Number of protein chains: 2
Amino acid sequence: MRPTVHDIAAAAGVSLATVDRVLNKRAGVRKVTRDRVEQAIERIGYVRDVAAANLAKSRIYPFVFILPSGDNSFMRGLEAEVHAAMARGPLERMVISIVKVPAFDAEALVAALDEVRATAPAGVAVVAVESPEVIAAVNRLRADRIPVVTLVSDLAGSARDHFAGVDNVAAGRTAASLLGRFLGGRPGPIAVLAGSMLVRDHRERLDGFRAVMDEDFPGHTLLPVIEGQDDPVLTEKLVSEALAASPGTVGIYSLGAGNRGLIAALKQRKDAPPVCVIAHELTRHTRAALNEGLIDAVLNQDAGHEVRSAVRVLKAKADGAAVIGAQERIYIDIFLKDNLPFDEG
Amino acid sequence: MRPTVHDIAAAAGVSLATVDRVLNKRAGVRKVTRDRVEQAIERIGYVRDVAAANLAKSRIYPFVFILPSGDNSFMRGLEAEVHAAMARGPLERMVISIVKVPAFDAEALVAALDEVRATAPAGVAVVAVESPEVIAAVNRLRADRIPVVTLVSDLAGSARDHFAGVDNVAAGRTAASLLGRFLGGRPGPIAVLAGSMLVRDHRERLDGFRAVMDEDFPGHTLLPVIEGQDDPVLTEKLVSEALAASPGTVGIYSLGAGNRGLIAALKQRKDAPPVCVIAHELTRHTRAALNEGLIDAVLNQDAGHEVRSAVRVLKAKADGAAVIGAQERIYIDIFLKDNLPFDEG
DNA sequence: CTGTTAGCGCGTTCAT
DNA sequence: ATGAACGCGCTAACAG
């Protein structure tokens, strides 16, 4: 049997209450006694049974997820995953709630963070927007010893405990590598479609993409980045214009969420010479395009993984427990039409 | 507060013991009483607190992992992951042990399964070898109500509860798709290297690979499958011979674990015309070969994910709890030299 | 400062 | 067939 608090008490010659005070770092114990207890703990190799402790405390973990509102389909999928986590929360003594904030609005995000902080949750997950004020707000949470994980989009320079999302530089590098090899030496310029260069994720993807293109496939020139604001109509227009202006274009990297507009533009030039296309995020639109051969590969981040990972990390941090690094690394999934998963999307 | 057994007792007008008998489907309760209790449970929406139940029972979960012995790097990595799970087992009341069995040996596997069954574990994970006897042995475990999950290689036709591994047909399809596109029309035959056609995962990969090659890249002929038994020396010899016999070979698909031998063979023909190589499993050997350009892509199954998933599923099955399907799907990771993760391998 | 005691939600004797 | 009472490992009053 694993040693219990009783064993510590016996080994140290004190009562349970004293052991408990030492274990929970509460005041009211002489240093001598404390040392004796701590040595006993060390000696017999005690590890606390968190489940029993939670039972005794009737502890529940109130976690808050702060997500952007709006009709971005990736974010809506993310929200659905949070709802799924919410549903199975009670089984593990967790109560998850969602706070929505207008997308890309730092000011609103700061307000939400401070409001959430006032409710003293056991942990907060947030899709970050980069700004000094947001960093400060996150740091206020941390100052209150509230664990914070950034979700999908990180917040460099903040004191967040963890980032649950993919390495976007690596994603861009992968895109370049695939595109370059798929083209197999066929010369011609490459177009890049982004949502906005104001978001960190998009910038990082572009950086990674550029680096590998320059290094490994210097024969291709990159056309000026198209910023479609992730808006279908605008994107379609800009892409069509760009392709018309550079008829020799052989490849497109769509690193943002503007795939609907991109696909529409591609469909209109069915009989034109083929263009190799790499896009991000597996949605029903990109999945269909993949199957039709309009898109050649999709790089995806699994929102379900990200949410479950965020929850696990928040709980671990709340318990002061260790995190399994490898388990929490979110991989970039590469989908071709031949390895699409069956039921999602 | 969530309803407890006390609430049920009060609502049904019976004692705690009776409620417990109904909850655990034990005998000694009149049908009338039983019905009344069950209705109360339904009405107040009771869900059992598994943690508290386990505490009361001092329950521990003895799980057994049956793994192939031998010096295959992938399997050794898998074993390391099981050891990691072993180390953090006690925190969740689990005691994991490992039983090793010679690779590709159905008879030995059957003996091991029966021996393990005699110890009445709470669950068994096994890297399966396909044979009717193994299926029968697994079914004996299931007949004893012991949950079984197959790991890495599945056992079709058995009553196993779950398969913790990748979709190997899809893996083969993906390999073909990548290889075909990387070749970009350069003609020539393609060699296939396997370990043994006795394991299902290897057969499935080959099936998927063949299907896509035939359909999408009919210009390439497939050379006869080389079975290297995942043995480095034998593999190197067979591969060298095959390449010498078919000097025009443009691609190799290594679908088993014989990569060390393959890489050795590739190194000996450095100055020969380039061959596009797709292999399975990221190990330190394949990682190095990827960086050197000897291998073009590696399809990987994350052994850590598989082990953790197997453990989660076994625990859920042992508790009679639900499994989160999406969480337990093991994705096929595609690694190019540009998206290698940092610290593993 | 330290110890006693009564639960947390559930399972399990042992009586009745 | 049913119920009372104790214990699992831990925390939190309340005494002393």
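In what follows, every chain begins at residue 1, and chains take the letters A, B, ... in the order their sequences are listed. What you see is a predicted model, and the numbers here were worked out from it, not measured in a lab.
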* To do: May I have the distance from A:R36 (atom CZ) to C:dT2 (atom C1'), rounded to whole angstrom?
  => 11 Å
* Between A:T33 and C:dT2, is there a side-chain N or O to OP1/OP2 distance below 4.0 Å? -> yes
* Whole Å only: how far is the CG atom of A:D319 from the P atom of D:dC10? -> 14 Å
* Using salt bridge (charged side-chain N to carboxylate O under 4.0 Å, His left out) as the criterion, point out the one residue from B:R142, B:R145, B:K315 that pairs with B:D161. => B:R142
* Expressed in angstrom and rounded to an integer, what is the separation of B:D49 atom CG from D:dC10 atom P? -> 16 Å
* Asked: Can you find a side chain N or O atom of B:S15 that sits less than 4.0 Å from OP1 or OP2 on D:dG3?
  -> yes
* Among C:dC8, D:dT2, C:dT2, find the nucleotide with the atom closest to the side chain of A:L55. => C:dC8
* To do: Ignoring backbone atoms, establish whether A:R2 has a side-chain N or O less than 4.0 Å from OP1 or OP2 of D:dG9.
  => no
* To do: Check whether any side-chain heavy atom of B:L282 lies under 4.5 Å from a side-chain heavy atom of B:P341, and answer yes or no.
  => yes
Review item, side-chain donor-acceptor pairs of residues 82-94 of chain B, under 3.5 Å, at least two apart:
| residue | atom | partner | partner atom | Å |
| --- | --- | --- | --- | --- |
| B:H83 | ND1 | B:E79 | O | 3.2 |
| B:R93 | NE | B:R59 | O | 2.9 |
| B:R93 | NH1 | A:D49 | OD2 | 2.9 |

* Trace of the salt bridge (Lys or Arg N to Asp or Glu O under 4.0 Å) decision for B:D144 with B:R140 -> CA-CA 6 Å; B:D144 285 5; B:R140 284 195 286 279; over 6 Å; no
* Atom CD1 of A:I8 to atom C1' of D:dG9: distance rounded to whole Å? -> 11 Å
* Would you confirm whether A:R21, through its side chain, and A:R26, through its main-chain N or O, come within 3.5 Å as a donor-acceptor pair? => no
List every contact pair, protein side and nucleotides 11-15 of chain C side both N or O, where the distance is under 3.5 Å.
| residue | atom | partner | partner atom | Å |
| --- | --- | --- | --- | --- |
| C:dG11 | OP1 | B:R48 | NE | 3.2 |
| C:dG11 | OP1 | B:R48 | NH2 | 3.1 |
| C:dG11 | OP2 | B:D20 | OD1 | 2.9 |

* Measure the angle between the two terminal helix axes of the helix from C:dC1-D:dG16 to C:dT16-D:dA1, five base pairs each, and quote it to 10°. => 50°
* Side-chain contact, heavy-atom cut-off 4.5 Å: A:V126 with A:V134? -> no
* Asked: Can you tell if the side chain of A:T33 reaches within under 4.5 Å of the side chain of A:V22, non-hydrogen atoms only?
  -> no
* Separation of D:dG9 P from B:L91 CG (nearest whole Å) -> 15 Å
* Would you kindly give the CZ-to-C1' distance between A:R59 and D:dA12, to the nearest whole Å? => 15 Å
* Could you check if a side-chain atom of A:R160 sits within less than 4.5 angstrom of a side-chain atom of A:V149, using non-hydrogen atoms only? => no
* Asked: Which of these nucleotides, C:dC10, D:dC8, C:dT2, is closest to any side-chain atom of A:V29?
  -> C:dT2
* Taking CZ from B:R34 and P from D:dA1, how many angstroms apart are they, rounded to a whole number? -> 10 Å
* Asked: If only side-chain N and O atoms of B:T18 are considered, is one of them under 4.0 Å from the OP1 or OP2 phosphate oxygen of D:dG3?
  -> yes
* How long is the gap from CD on A:E115 to CD1 on A:I66, to the nearest 0.5 Å? -> 9.5 Å
* To do: Could you check how far CD of A:E92 sits from C1' of C:dG9, rounded to whole Å?
  => 17 Å
